[in-house]
Amino acid sequence: MTFTLPELPYAYDALGPYMSKETLEFHHDKHHKAYVDTGNKLLEGTGLEGKSVEEVLTSAYGNNQPLFNNAGQHYNHIHFWQWMKPNGGGAAPGALAKKIDEDLGGFEKFKADFIQAGIGQFGSGWAWLAVKDGKLAIMKTPNGENPLVHGAKPILGVDVWEHSYYIDYRNRRPDYLKAFIENLVNWEHVEAMYGEATK
Ligand code: MN3
């Protein structure tokens, strides 16, 4: 088993009222588990067994689409759970806040542009804050893609597949994105990934 499903880092009901127990049960226990199980099956015989999820997804990109889709989604969801916490949101921590001011025109503009990236991703996908060429950038990607296959390192991402918000928000993706950025983001994990991406 190359891929294993991580436990949620909080209780299933810990993110209410912004993300419900029912959403987390389906999203983690069904959707993420399916990426892990399918990814492990697709890994058999590829020579990539035992590699890190980052190595698997970058190797599979462009030459094994089914494996890429599942490995990409496994990576994305490992971090998605950690990018949220109860009583999250608020301001970005010091060094990162300064970089957001420098590269993205201030924290309020960053939040608006990040939300807009999520709204503007047609169909399923993700919106991102990433480090590219030493600068912060807002990105969006379809399906299971992420910034790693576009020469960038993700430090925050939000899942805009309907399975991430439809139970709680129905078609109101903008309301989900606003709740994510204002009330759920775990800035400590963002800061840790920023540190890794820039060291
Ligand atoms: Mn998802």
Side-chain angles (χ1 to χ4, degrees), residues 2-43 53-54 56-58 60-61 65-86 88-89 114-130 138-150 152-181 183-186 189-190 193:
T2 296
F3 298 154
T4 53
L5 182 66
E7 298 270 323
L8 282 184
Y10 31 73
Y12 286 88
D13 61 0
L15 301 184
Y18 307 108
M19 188 175 284
S20 67
K21 179 171 184 271
E22 187 182 6
T23 289
L24 284 169
E25 284 171 348
F26 273 91
H27 199 174
H28 177 273
D29 298 2
K30 309 285 186 197
H31 292 277
H32 191 176
K33 184 175 191 299
Y35 300 131
V36 168
D37 292 346
T38 306
N40 280 324
K41 281 197 195 86
L42 292 169
L43 270 164
V53 62
E54 291 91 342
V56 172
L57 78 89
T58 48
Y61 185 65
Q65 189 67 34
L67 177 58
F68 172 75
N69 290 340
N70 287 279
Q73 284 290 70
H74 180 42
Y75 175 90
N76 296 347
H77 287 82
I78 288 170
H79 292 289
F80 184 57
W81 311 131
Q82 298 182 72
W83 278 320
M84 298 186 288
K85 68 171 189 178
F114 183 82
I115 288 170
Q116 196 52 50
I119 293 169
Q121 172 53 44
F122 184 77
S124 295
W126 294 74
W128 304 98
L129 176 61
I138 291 169
M139 303 174 71
K140 59 179 192 270
T141 58
N143 302 316
E145 275 187 26
N146 64 48
L148 293 175
V149 296
H150 298 287
K153 292 185 176 169
I155 62 171
L156 174 65
V158 62
D159 189 342
V160 298
W161 288 54
E162 286 186 346
H163 66 222
S164 192
Y165 62 89
Y166 222 82
I167 291 170
D168 299 324
Y169 297 88
R170 298 300 170 186
N171 61 324
R172 293 179 290 113
R173 190 190 286 191
D175 291 354
Y176 157 68
L177 288 163
K178 187 164 189 294
F180 177 86
I181 202 79
N183 303 107
L184 291 174
V185 171
N186 175 8
H189 190 60
V190 183
M193 289 191 82

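Keep in mind that this is a model prediction, so the values were computed, not measured. All values below come from the heavy atoms of this structure, side chains included, with hydrogens, waters and symmetry mates left out. Numbers for residues simply follow the sequence, beginning at 1. In each ligand, atom 1 is the first atom listed, and ligand 1 is the first ligand listed.
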So which N/O/S atom does D159 have closest to the Mn ion (ligand 1)?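 Of the nitrogen, oxygen and sulfur atoms in D159, the Mn ion (ligand 1) lies nearest to OD2.
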Nearest to the Mn ion (ligand 1), which N, O or S atom of H77 do we find?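 Of all N, O or S atoms in H77, the Mn ion (ligand 1) lies closest to NE2.
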NE2 (H163) to the Mn ion (ligand 1) to NE2 (H27): angle, nearest 10 degrees?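 Angle NE2(H163)-the Mn ion (ligand 1)-NE2(H27): 90°, rounded to 10°.
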N70 and Q73: side chain donor to acceptor below 3.5 Å: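 Their side chains do not contain a donor-acceptor pair, so the 3.5 Å distance test is not met.
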From H32, does some N, O or S atom reach closer than 2.8 Å to the Mn ion (ligand 1)?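 Not a single backbone or side-chain N, O or S atom of H32 is under 2.8 Å from the Mn ion (ligand 1).
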So that I can check it, does any N, O or S atom in H31 come closer than 2.8 Å to the Mn ion (ligand 1)?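 So H31 does not bind the Mn ion (ligand 1) by this criterion.
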Check whether the ring centres of H79 and Y75 lie less than 6.0 Å apart, and answer yes or no.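 Under 6.0 Å, so yes.
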Pair F80 and H27, ring centroids less than 6.0 Å apart: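 Yes, the ring centres sit under 6.0 Å apart.
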Side chain of Q82, backbone of I78: donor and acceptor closer than 3.5 Å?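 Judged by distance alone, yes, a pair lies under 3.5 Å.
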In terms of heavy-atom contacts, does OH of Y18 have more than 12 from other residues, nucleotides or ligands at under 6.0 Å?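 Counting other residues, nucleotides and ligands, OH of Y18 stays at 12 neighbours or fewer.
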